[in-house]
Amino acid sequence: LVRWNGAIAHAQHDRRLRSHVPEMAEIGRDLQALRDWCARTHKPSLRRALIDEANKVMRRMQRFAAVTPVRLPDLVLH
């Protein structure tokens with residue numbers, strides 16, 4: 001999600017990619033919402049369903065990045 005937000009920041013400054021920012025932001029919000037719900041629930045069946053949905057959103061991100069020339073920055077862990 002950090003890399004995705006970095007790609008959104010880059011796209012906001014690139015006039016060729018600026019039109020994709022709303023869709024990119026929506027995908028990021030969807031994943032963040034799923035992460036928030038997953039952190040709040042203690043029901044295993046709901047958690048599994050949320051993780052399945054999150055995997056679908058991440059695949060959407062990968063497909064989007066493959067067809068749109070977004071630059072995903074490297075993730076630096078400290």
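When reading the values below, keep in mind they use all heavy atoms of this one structure, side chains included, and skip hydrogens, waters and symmetry mates.
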Roughly how far, to the nearest 0.5 Å, is [atom2] of [Y] from [atom1] of [X]?
X     : Y     : atom1 : atom2 : result
Leu50 : Lys43 : CG    : NZ    : 11.5 Å
Asp52 : Arg48 : CG    : CZ    : 9.0 Å
Asp36 : Leu31 : CG    : CG    : 9.5 Å
Ile8  : Glu23 : CD1   : CD    : 10.5 Å

task = Check whether Ile51 and Trp4 end up in the same hydrophobic cluster, where Ile, Leu, Val, Met, Phe, Trp and Tyr are linked by side-chain heavy atoms less than 4.5 Å apart.
result = no
inquiry  = Is it the case that atom CZ in Arg47 sees more than 12 heavy atoms from other parts of the structure closer than 6.0 Å?
reply    = yes
key: Neighbour count above 12 (heavy atom, 6.0 Å) for Arg40 CZ   = yes
ask   = Where do Ile27 and Val57 come nearest, in terms of heavy atoms and distance?
value = O-CG1, 3.7 Å
message = Whether Lys56 and Glu53 form a salt bridge (side-chain N of Lys/Arg under 4.0 Å from carboxylate O of Asp/Glu) is what I want to check.
response = yes
message = Could you check whether any side-chain heavy atom of Leu17 comes within less than 4.5 Å of a side-chain heavy atom of Met24, counting everything from C-beta outward?
response = no
